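Here is the naming used below: chain letters follow the sequence lines, and residue numbers restart at 1 for every chain. Quantities reported herein were computed from a predicted structural model and do not represent experimental measurements.
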Amino acid sequence: MGVQRWAMGRSPWVLHFNTGSCNGCDIEVVATLTPRYDIERFGIFLKGSPRHADVLMVTGPITRQVKDRLIRVYEQMAEPKFVVAVGSCCISGGVFSNCGKGACYNVYAGLDSLLPVDAYVPGCPPKPEAIIDGITKLVKKIKEEK
Amino acid sequence: MSSSYERIFNLPLGPQHPALKEPVLLDLKVEGEHVVDVALDVSYNHRGMEKAAEYRTYVQDLYLIERICGICNIAHTLSFCQCVEGLHGKEIPERAKYLRVIAEELERIQSHLLWLGVAAHEIGFDTFFMYIWLDREISLDLMEEFAGNRITTSYNAIGGVKRDMTPEVANKMKKGMDKLEERVKFYKKVVLSERTVMKRTMGIGILRRDAAIQLNAVGPTLRASGVDMDARADDPYAAHSLVPFKVVTDDGCDAFSRIIVRLDETLESINMIRYCIEKLPPGPLLQRLPRRVPAGDFLTRVEAPRGELVHFLRADGSDKPYRYKVKTPTFSNLAPLREMLRSKGKYVVNVADVPVILASIDPCFSCTSRNEVVKSS
Amino acid sequence: MDPSVDSIVMEMKGIKGVIDSKVICERRAQVTVSAEAYHSVVETLQKKGFAHIAAMTCIDSGENLELLLQIGRRAIVTVKVILPAQTPSIDSVSDILPPASFHEREIHDLFGVEFRNCPDSSRLMLPEEWPKGTFPLRKSFQPETPAPLRGP
C-alpha cells in the first residue's frame, strides 16, 4: 500500500461522473481543464474510464435511476480509490433535499448515504478554483496518511 | 438498407461515457458500422422538481427552478417570473426589461461558446476547444461583474431584476463585447476554412426542412434547417419587441449549419447587448408584487439558448403553485435526434458520428428530465 | 403564418364535441373539448397550421385529470380535455403529430393516463425500479426522500 499511496500523491487521475446534475457543476469541472485554470499543471488528469481512475468526482444530486450505475462505477475502480463530492446537491441534496417543504421523490439525501466520501467541495456551483483546491487538499491528505 | 451484415447488435452508449458529460443512455441498434435505430433513455436525471415546486412558495421556487439547468438558468428564471407576473397582470419596469434582455443574451453567448467548444472536442479538435473556452471566460467574467456570479446567477426576481448596471460595468461590457466579437469572427473564419471541422460535420446529422417542422424541432436545430422560428420574434417578451435583431437561419440542414447558425446568433446577441446598453432607460428595477398569486393559468415561451422553452403555471390563489410544468428545448429535440440517428437509403450514420450528431442539437438532459429532470440545457 | 386566434376560436365553436372556445389573451386561446372529440379537433387544428406542440400538460384537479395540449407556433391554442382520475384514457394524437408520443409517454409515466394507439408506451422519465401504478405527480402521492444505503 505504501508505494501505491506515494505514487497516488503525485498524479491522481480523476473520473467525472454526473449523477443528475443541473450541468452547473459539470461545466465548472470541465472549465478546470481549460487554459485559465489548467488542472493538469498539478498532474491531475481527467479520465474517461473507471478502471484507469483513482478519484471519483461526483457532481449532482443522486437520482434513483443513476444509483446502481454509480455504485457499479465505484466498484469497477481499482484500489486505492477516493471520492470527491462536488456541489451542494451532491453533498446534501441541496435545493432538492427535504427541508420540511416536501422532498424530491427521486433524489437521495447526499452522496455519503451511498458511498464513503473523502472530500467535499461546497458551492452552487463551486468555482473552478474551489474544485482545484478540493482535489489538491485530497492529494495532500493521501500523501500525509501513512 | 442493403448491407452484407445480417445481424443487428445493440450498442449501449452511456450513461457514463467519455464523450458525454451527462448521464444519458443511447441504446443504438447497429448493423456493422451503421446505426439503424436508437432508443433514448433520459431518466437518469429525473429529480422530481415539478412535484417539489408544488410544496414550496413562489420565492423558494425561484431558486429551485433556477437549478433545472445550470447553463440556461436565466432563461428558466425569466420564464418563471413571467408566469407569476402574468397572473398578477402587472408590467415590470422598463429598465428591468432591458436588463433581462442583456442577461439573457449574455447567457446565450456563454452557452453557444460552451457548445462550440464541446462540439470541437467531439470532432477531435481539442486545440479549438481550449481556445474557445479561454475566450468564454470573458463572457463569464462579465456575467460575474454584471449579475454577481459566474454560472447560477439568481439575477431575475419576481417583478424585475436584482442588480443594477453601473456605468463602470457598462463600460467593461462594451469592451468585452468588442473583444468577443473579434474572437467569434475569427472562429467563424476557422470553421469556414478548417478541413477538420468540415470533414466531420458536413453531411452529418441531416434533418430536412419538412422533417424538422413535422417533428417539432426547436431552436438552432430548427433554424439550421431553414425555418425562421424564434420565440423572441414570434412571441416577444421582456424588451424583445423593442430591440432589433435578425433571426439567423441556414439551409444546410446538417451539423455544420448548426455551427454556423450558433456563431451568427452569438454575433447577433453581441449587437443586441450593445443596443440595450445604449438605450437603457432610467428607472426602478423592481416592482413589488404580493406573495399570493391570483388563481389562473399562464403559459409563457422564452427562447433559451437551445430553443423554445415553455413554462406553464396554474395558481390556485395561495402562495404555492398548484401545478408547474416545464417543457424544455431538448425534450422537443429528442424526436428529431432519433430521426438524425437513423440510417435511411443513401444517408448512413456511422457509429463514430454519433457523438457529433448528439452534440449538434446541444443536448441538455438535466433540463429534459427535470420533472421533472434540463440543459439543458 | 398561423391564422389569428380570433378566427380560430370562432371556427371551433361550431364543431361537434367542442364545449367551450375562448380567447384568453393576445396570442393565446383555449378550446375545451370532450374526450371523444379530442382526436378530431386536434386533426382540424393541425390542418389549419397548428402543428407545433409547445407542451402537453396534465393537471390533477382532485376528482378529474385535465389534459392540456398546447399547440401552435406564433399563437398557442390550448386543447383542454377533462378525464376521470380513476380510469383516464384517451386517443393518442401521435398519428397526427408524431412527436406527441414523447409527451404522451411522459404523462403516462407521471399521471397514469392511458393513451390508446400510442406507438410506444415504455417508461421515459421514471427509474426502472419505480413501482407500477404509482404516479408521482398526482396530488395523492406524498414525496419522500429515498432511504440511505449506509450510515453517515
Side-chain angles (χ1 to χ4, degrees), chain A residues 17-23 56 58 60-77 79 81-122, chain C residues 54-68 83 85-86 88 99 101-115 118-152:
Chain A
F17 189 38
N18 175 337
T19 55
S21 164
C22 72
N23 276 341
L56 177 64
V58 183
I62 297 95
T63 59
R64 281 182 200 252
Q65 174 80 340
V66 98
K67 173 200 71 183
D68 292 340
R69 280 83 180 167
L70 173 71
I71 292 171
R72 209 163 133 200
V73 164
Y74 179 74
E75 281 169 354
Q76 282 179 351
M77 288 168 62
E79 290 279 355
K81 53 194 169 187
F82 305 92
V83 179
V84 183
V86 176
S88 306
C89 311
C90 191
I91 294 171
S92 68
V95 282
F96 308 109
S97 65
N98 195 338
C99 309
K101 293 164 209 134
C104 286
Y105 52 85
N106 222 22
V107 174
Y108 279 88
L111 183 62
D112 47 13
S113 64
L114 298 167
L115 299 176
V117 184
D118 297 279
Y120 300 86
V121 183
Chain C
M56 199 190 229
T57 314
C58 193
I59 301 169
D60 181 359
S61 55
E63 288 157 21
N64 295 314
L65 290 180
E66 286 173 32
L67 184 69
L68 309 176
L83 302 168
Q86 289 303 319
S101 64
F102 276 101
H103 297 266
E104 286 170 356
R105 278 169 72 185
E106 187 188 341
I107 289 177
H108 176 76
D109 271 11
L110 303 172
F111 284 94
V113 177
E114 232 18 90
F115 288 94
C118 187
D120 183 2
S121 58
S122 55
R123 276 202 173 158
L124 184 67
M125 286 294 173
L126 291 177
E128 54 209 19
E129 63 175 38
W130 193 262
K132 271 200 174 144
T134 310
F135 307 114
L137 258 70
R138 291 225 186 171
K139 288 283 173 190
S140 55
F141 176 82
Q142 288 300 323
E144 267 173 38
T145 305
L149 296 192
R150 60 185 287 279

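Looking at residues two or more places apart in sequence or on another chain, you find no salt bridge (charged side-chain N to carboxylate O under 4.0 Å, His left out) involving C:D109. Residues satisfying the side-chain hydrogen bond (donor to acceptor under 3.5 Å, both in side chains) criterion with A:Y74, sequence neighbours excluded, are absent altogether.
By the 4.5 Å heavy-atom criterion applied to side chains, A:N106 and C:P127 are counted as neighbours. C:T134 is not listed as a side-chain neighbour of A:Y105, based on a closest heavy-atom distance of 4.5 Å or more. You'll find the side chain of C:E129 reaches within 4.5 Å of the side chain of A:K67, heavy atoms only.
When heavy atoms are compared at a cutoff of 4.5 Å, A:L115 approaches chain C solely by way of its backbone atoms N, CA, C and O.
Between C:P146 and A:V107, the shortest heavy-atom distance links the atoms CD-O, 3.1 Å.
Rounded to the nearest 0.5 Å, atoms CZ (C:R123) and CD (A:Q65) are 9.0 Å apart. Within the model, atoms CG of A:D68 and CD of C:E128 stand 7.5 Å from one another, a figure rounded to the nearest 0.5 Å.
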